[in-house]
Visitor: 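One structure, pasted below without further comment.
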Amino acid sequence: MLAVCAESCKLAAELIKKGEIVAFPTETVYGLGANAYDTDAVAKIFVAKNRPHDNPLIVHVATTEQVAEFAYVNEFARKTMETFLPGSLTVVLPKKSTIPSAVTAGFETVAVRIPLSKEARMFLSECSVPVCAPSANTSTRPSPTRAKDVFEDLQGKIPLILCGKDCDVGIESTVLDLTSDTPTILRPGVVTKSVLERGLGISVRDFSAENKKVNSPGLRYKHYAPSVPVLLNTNGDVVKVVEKIDELHKSYDKIALFADSDVCDRVMHKINGQELLIEVLPPTAEGVAERIFALFRDYEKRCQAIVMVFEDKSEFGRSVLNRLMKSCGSHTF
Ligand code: AMP
Ligand code: MG
């Protein structure tokens, strides 16, 4: 691990140009990067993460000018990128043949992002080649939002982790498909439908909110799950939460409750002296997103089951819920 600075970014870029893979911070989650033009380097990402080969990677660059090297950029795509990038938005564009199909899992499209994080862009500008990068975790595990989470999953498997700030968004970028007539959200994130519609002046379809088979391949797999079960309640019904905790106590000694301060208080009044680890969640969806994956990683070492209450119905709250539903394997009560 090396702290992000001009020198370490140069070293990291040298490794990328030599065909190695390097983990780096972004504002969403830590990424695991390779030279997107080097098929052997790209293959190393899939091995290190144990990632299914049909799950394509997002190509990261430092400036919009680089995008035309490997993707067809029409007027609307240019406007979208100018409006939202750098930022926590990934746009899906028609790919050029310069990008190997290993990056795009055989698709004729390529996903592109310019991170907002200055640390990420410092590294990317040193690389000079586009860097394809999924999240820097073992597949299925909670995404890494701190350098130590990357270390936990990938130590011994990659030559360098650039150690930067903890991620302040905390969940992955919004994925917006620009290859059909209507811009379509494939994966929700902090750049929400209404933010996109306001910025672009046209209506946007949210495919991720429709209960249909998704055409973003990565969304099919188990994701974001800690090693202990997560049971999710989305309506704040304290009676049900207490019942669930009682039921779990029949099988487990150490149970954790993640909820806002009001729900935590009300549950504490109702349980009778049973041991319960309490994590009071921040009051906003933004606060929860920033911490949730790190909390899953910390608590899987301390408890045998996590009961989580998340009731936020805001637009970004629904993006966070999209991840939580996967963390809990859709085990809601
Ligand atoms: P990750 O880097 O782990 O967040 O995964 C990248 C996400 O981007 C996955 O959900 C992919 O399915 C999605 N993605 C990458 N490339 C494409 C593409 N060409 N078309 C649609 N979705 C994509
Ligand atoms: Mg991921």
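Just the heavy atoms: all of them, side chains too, but no hydrogens, waters or symmetry mates, feed the values below. One-based numbering, in listed order, for ligands and for the atoms of each.
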Visitor: Is any side-chain N of the basic residue among Glu152 and Lys148 closer than 4.0 Å to the acidic one's carboxylate O?
Guide: no
Visitor: Mind checking whether the Mg ion (ligand 2) has an N, O or S of Asn137 under 2.8 Å?
Guide: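 Given the 2.8 Å cut-off, Asn137 does not count as a ligand of the Mg ion (ligand 2).
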Visitor: Should one rank Glu172, Glu108, Arg51 by closest heavy-atom distance to atom 6 (C) of ligand 1, which comes out on top?
Guide: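 Closest candidate by heavy-atom distance is Arg51.
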Visitor: Where the closest heavy atom to atom 18 (C) of ligand 1 is concerned, which of Val91, Thr109, Leu32, Ile58 has it?
Guide: Thr109
Visitor: What part of Leu186, side chain from CB on, backbone N/CA/C/O, both or neither, has a heavy atom under 4.0 Å from ligand 1?
Guide: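 Under 4.0 Å from ligand 1, Leu186 contributes side-chain atoms alone.
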Visitor: Could you check whether any heavy atom of Asn55 sits closer than 4.0 Å to an atom of ligand 1, since that is the contact criterion I want to use?
Guide: yes
Visitor: Hey, is ligand 1 close enough to Arg187 that some N/O pair sits below 3.5 Å?
Guide: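 It does: an N or O of Arg187 is found under 3.5 Å from an N or O of ligand 1.
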Visitor: Tell me whether Lys95 forms a cation-pi arrangement with Phe107, defined as NZ or CZ under 6.0 Å from the six-membered ring centre and within 45 degrees of its axis.
Guide: no
Visitor: Run the numbers for me: atoms of ligand 1, each under 4.0 Å from some heavy atom of Ala111, listed by number.
Guide: 15 (C), 16 (N), 17 (C)
Visitor: For ligand 1, indicate whether the residue Lys95 contacts it via side chain, backbone, both or neither (heavy-atom separation under 4.0 Å).
Guide: neither
Visitor: Short question: side chain of Lys254, backbone of Arg302 - any donor-acceptor pair under 3.5 Å?
Guide: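 No: the side chain of Lys254 does not pair with the backbone of Arg302.
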Visitor: Give the ring-plane orientation class for Tyr299 versus Phe258, where under 30° counts as parallel, over 60° as perpendicular and anything between as tilted.
Guide: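 Perpendicular, since the angle between the ring planes exceeds 60°.
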Visitor: Does the Glu119 side chain pair with the main chain of Lys165, one donor and one acceptor, at a distance under 3.5 Å?
Guide: yes
Visitor: Check the angle between the aromatic planes of Tyr37 and Phe70 and answer parallel, tilted or perpendicular using the 30° and 60° thresholds.
Guide: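 Perpendicular.
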